Amino acid sequence: MKKKAIITGITGMVGSHLCDYLFDNTDLEIHGILRWRSPLINIKDKIKNIENFDRVFLHYADINDLSSLIKIMDQVKPDYVFHLAAQSFPRTSFDIPLETIQTNILGTTNLLESIKFLGLQNTWIHICSSSEVFGRVDKKNIPIKEDNTFHPASPYAISKVGTDLIGRFYAEAYKLKTITTRMFTHTGPRRGDVFAESSFAKQIALIETGQIQPIVKVGNLKSLRTYGDVRDAVRAYYMALTINPIPGEFYNIGGHHTCEVGEVLNKLISLSTCKKIEVQVDKDRLRPIDADLQVPDVNKFHKHTGWKNEIKFEDTMIDLLNYWRDRIKISNDILSR
Ligand code: A2R
């Protein structure tokens, strides 16, 4: 019998790339959890497989509804769970702090409770924390190691501190096989347009087709970040659960290109067919406070699994811009944010 993986948040950027990765590189049966109104565009290439019951299956649930999770966990009895569902946008969390905390902390607790309740002690569970837990880090602590203190700087970051602690607690207290990752900035095709680099790429694609004036609106360009590719990230998540996994372990994982957000903007502008693009600061895009030194030390994860980044920063940027060029061709349900 084929082993089974459940992906929560399969319709999101990361979940959909993980689905592609597992489909192409393993023989796992892939079960995705989605909400009844989740857009399917990120998994459009898998619709035929889903319709034909060919390795990819969808289940409707909400991580805020424990009963829905118990039902699916009981039905699938997964070997692996990749828990990616979340309110994932730090900037948005200032506007909807309660939903962010509800979904990311209580939703994660619901997921773990469902597994504990059903006694699925052999299921390996990936808990997706975030580099944002480290928040405002002192310069002398860069690059950031696993034991750096938490200093969250948004409701999202606080919610991920909860996710992180709960994931590890269920390993210690109830012997569930959780592995926690704190991924630093990761991007690429399908990245939500509330994230700076994706918003830049989208605005450039709209400028190229003449749909908006040649002005890119920006927030904080000074924030220093290490960029990785989402496709390297999902490979890391799979490796985290399958290469010598140790219950309760936690890892910092991140990319290999460190720069200010402004450099990302310049790179994307340089890739554009439009040669005269202005830049304008939009104060609505600034966070009230920012986690602005997000640089990882990934040695612990690299030593344990052998994982390394494979995709070049330049290629990630090209793919992100091409994603938006294609995306605006297939639909016009798009704001210029
Ligand atoms: O909003 P939807 O319906 O499209 O589904 C999103 C899903 N999600 C939920 N699923 C079930 N119950 C909920 N209450 C719930 N709330 C949200 O999580 C979507 O499929 C996924 C999030 O996708 P993205 O916003 O594209 O995030 P991304 O970049 O894929 O992030 C994956 C993980 C998250 O834990 C982030 O916090 C972390 O990576 O950075």
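Hydrogens, waters and symmetry mates play no part in the numbers below; they use all other heavy atoms, side chains included. Given the structure is predicted, the values throughout are model-derived calculations rather than measurements. Starting from 1, each residue takes its place in the sequence as its number. Counting starts at 1 for both ligands and their atoms, in listed order.
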Side chains of Ser272 and Glu208 in contact at under 4.5 Å (non-hydrogen atoms): yes
Sequence neighbours excluded - ring pair (Phe, Tyr, Trp, His ring centres under 6.0 Å) pairs with any residue from residues 136-170: Phe134-Phe150, Phe169-Tyr174, Tyr170-Tyr174
Please tabulate, for the side chains in residues 235-251, all donor-acceptor contacts under 3.5 angstrom to protein atoms that are two or more places apart in sequence or on a different chain.
| unit_1 | atom_1 | unit_2 | atom_2 | d |
| --- | --- | --- | --- | --- |
| Arg235 | NH2 | Asp232 | OD1 | 2.8 |
| Arg235 | NH2 | Lys308 | O | 2.7 |
| Thr242 | OG1 | Tyr238 | O | 2.7 |
| Glu249 | OE1 | Lys300 | NZ | 2.7 |

When you check ligand 1 against the protein, what N or O pairs turn up below 3.5 Å? List the atom names and distances, or just say none.
| unit_1 | atom_1 | unit_2 | atom_2 | d |
| --- | --- | --- | --- | --- |
| ligand 1 | 1 (O) | Arg35 | NH2 | 2.8 |
| ligand 1 | 3 (O) | Arg35 | NE | 3.1 |
| ligand 1 | 3 (O) | Ser38 | OG | 2.6 |
| ligand 1 | 12 (N) | Asp62 | OD1 | 3.4 |
| ligand 1 | 12 (N) | Ile63 | N | 3.0 |
| ligand 1 | 14 (N) | Asp62 | OD1 | 2.8 |
| ligand 1 | 14 (N) | Asn64 | ND2 | 3.4 |
| ligand 1 | 16 (N) | Arg35 | NH2 | 3.4 |
| ligand 1 | 18 (O) | Ala86 | N | 3.2 |
| ligand 1 | 20 (O) | Thr11 | OG1 | 2.7 |
| ligand 1 | 20 (O) | Gly12 | N | 3.1 |
| ligand 1 | 25 (O) | Ser88 | OG | 2.7 |
| ligand 1 | 26 (O) | Met13 | N | 2.9 |
| ligand 1 | 27 (O) | Ser88 | OG | 3.1 |
| ligand 1 | 30 (O) | Met13 | N | 3.2 |
| ligand 1 | 30 (O) | Val14 | N | 2.8 |
| ligand 1 | 35 (O) | Leu84 | O | 3.2 |
| ligand 1 | 35 (O) | Lys160 | NZ | 2.8 |
| ligand 1 | 37 (O) | Tyr156 | OH | 2.6 |
| ligand 1 | 37 (O) | Lys160 | NZ | 3.0 |
| ligand 1 | 40 (O) | Tyr156 | OH | 3.4 |

Test of ring centre spacing under 6.0 Å for Tyr227 and His257: no
Given Asp319, Asp20, Asn309, the one that forms side-chain hydrogen bond (donor to acceptor under 3.5 Å, both in side chains) with Arg231: Asp319
Could you pull out all donor-acceptor pairs under 3.5 Å where a side-chain atom in residues 138-147 meets a protein atom, sequence neighbours excluded?
| unit_1 | atom_1 | unit_2 | atom_2 | d |
| --- | --- | --- | --- | --- |
| Asp138 | OD1 | Lys140 | N | 3.4 |
| Lys145 | NZ | Asp297 | OD2 | 3.3 |
| Glu146 | OE2 | Asn252 | N | 2.7 |

